[in-house]
Amino acid sequence: MSAAEELADTPESWAVESREERFKGRIVQVRTDRVRMPNGDTTEVVERDVVSHPGSVGVIGLDEQDRVLLIRQYRHPVGRLLWEPPAGLRDVDGEPPWRTAARELAEEAGYRAREWHTLVDIFTSPGMTNERVRIFLARGLSEIPEEEADFERIHEEAGMPVAWVPLDEAVAAVRRGHIHNPLAVMGILSVYAARETGYRDLRAPDAPEG
């Protein structure tokens with residue numbers, strides 16, 4: 001097995017003795033699993049709290065001038081306005097993730113893209129939640145004419161500013177600790193790395209999720 005093949009996460013499932021639901025909200029649920037540890041005589045059982053999440057998508061839009069499209073959105077749990085890529089929940093049954101991403105790009109930023117690639121796949125916080133995110137790279141962007149818009153921005157999405165930031169400046173902002181949203185951080189750095197190889201190694205938008 002090559003080093004590249006070894007450096008890959010693999011599916012694994014340890015025995016769950018029992019499961020108790022603690023909370024059920026509009027988006028997430030919290031449960032406590034009693035998990036049997038496979039070490040020693042396998043008699044050790046520990047409790048693990050799990051936040052169940054439907055999953056998300058994010059979009060790093062990049063124009064011909066190597067500028068990244070970012071929006072600024074209020075995030076109540078951290079009490080901050082954060083610079084983020086357009087993103088959203090996988091909340092439509094059967095919808096391919098890249099189509100969800102295209103919808104979020106249109107609804108949150110007012111743009112459509114001609115070219116889509118898978119940029120990076122992540123688990124946002126695997127020690128506590130099963131949320132997985134696929135971040136896409138969208139290029140060939142064009143603004144959606146106002147008469148074609150069929151959505152209304154409400155709640156935190158109302159009045160969100162949209163900014164085009166040079167990629168090098170966005171990377172510098174990440175390194176200075178000025179950008180905190182994980183999709184923005186990982187997406188910006190991934191695009192920066194992809195640019196170094198001429199975007200040759202990007203996966204298709206419908207590539208399987210491991």
Side-chain angles (χ1 to χ4, degrees), residues 4 7-11 27-28 51-63 66-78 80-91 96-105 107-109 111 113 115-139 141 156-157 160-210:
L7 194 62
D9 300 333
T10 56
I27 295 173
V28 302
V51 179
S52 182
H53 190 284
S56 308
V57 296
V59 187
I60 298 294
L62 190 70
D63 71 3
D66 268 2
R67 297 182 305 173
V68 176
L69 186 154
L70 296 174
I71 59 177
R72 201 176 195 195
Q73 186 166 358
Y74 173 65
R75 293 301 188 182
H76 183 71
V78 296
R80 295 194 183 199
L81 286 165
L82 299 182
W83 285 108
E84 308 179 349
L89 298 171
R90 302 189 191 188
D91 54 3
W98 76 268
R99 290 194 179 277
T100 306
R103 177 163 50 82
E104 295 296 340
L105 178 64
E107 293 179 358
E108 293 194 343
Y111 281 82
E115 185 179 351
W116 289 87
H117 287 94
T118 293
L119 188 59
V120 65
D121 292 314
I122 60 174
F123 290 111
T124 53
S125 185
M128 61 173 289
T129 178
N130 63 355
E131 180 187 11
R132 71 182 307 158
V133 182
R134 170 161 283 191
I135 304 176
F136 295 90
L137 174 61
R139 291 182 289 177
L141 275 71
E156 294 94 342
E157 296 180 358
M160 288 190 306
V162 175
W164 286 98
V165 182
L167 178 56
D168 290 338
E169 291 184 17
V171 171
V174 169
R175 297 180 66 180
R176 287 194 299 265
H178 293 175
I179 293 179
H180 302 84
N181 176 273
L183 276 65
V185 171
M186 286 179 274
I188 289 168
L189 296 181
S190 294
V191 170
Y192 183 75
R195 186 178 65 176
E196 294 301 303
T197 61
Y199 305 103
R200 289 189 302 271
D201 302 325
L202 294 177
R203 291 170 288 158
D206 57 354
E209 291 182 285

Mutual orientation of the aromatic rings belonging to W98 and W116 [parallel < 30°, tilted 30-60°, perpendicular > 60°]: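 It falls in the tilted class, 30° to 60°.
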Grab the two heavy atoms, one from [X] and one from [Y], that are nearest each other, plus how far apart they are.
X: V57; Y: F136; result: CG1-CE1, 4.2 Å
X: A194; Y: L202; result: CB-CD2, 4.1 Å
X: P86; Y: E104; result: CB-O, 4.1 Å
X: V133; Y: G58; result: CG1-N, 4.2 Å
X: P85; Y: V59; result: CB-O, 3.0 Å
X: A138; Y: L105; result: CB-CD2, 4.4 Å

Crowding at CZ, R80 (>12 non-hydrogen neighbours, <6.0 Å): no
Rounded distance (nearest 0.5 Å) linking atom [atom1] of [X] with atom [atom2] of [Y]:
X: T118; Y: R134; atom1: OG1; atom2: CZ; answer: 3.5 Å
X: I60; Y: R139; atom1: CD1; atom2: CZ; answer: 13.0 Å
X: R67; Y: L167; atom1: CZ; atom2: CG; answer: 12.0 Å
X: N181; Y: R75; atom1: CG; atom2: CZ; answer: 7.0 Å
X: M186; Y: I135; atom1: CE; atom2: CD1; answer: 5.5 Å
X: D66; Y: D168; atom1: CG; atom2: CG; answer: 7.5 Å

Between the main-chain N or O of [Y] and the side-chain N or O of [X], is there a donor-acceptor pair closer than 3.5 Å?
X: R90; Y: S56; value: yes
X: E84; Y: L183; value: no
X: N130; Y: H53; value: yes
X: T129; Y: S125; value: no
X: R99; Y: P96; value: no

Go through the steps to decide whether Y192 and V174 satisfy the test side chain to side chain contact (heavy atoms under 4.5 Å, CB included), and finish with yes or no. CA-CA 12 Å; Y192 183 75; V174 169; over 6 Å; no
Side chain to side chain, [X] and [Y], heavy atoms closer than 4.5 Å:
X: L141; Y: D63; answer: no
X: V68; Y: W164; answer: no
X: I188; Y: W83; answer: no
X: E131; Y: V51; answer: no

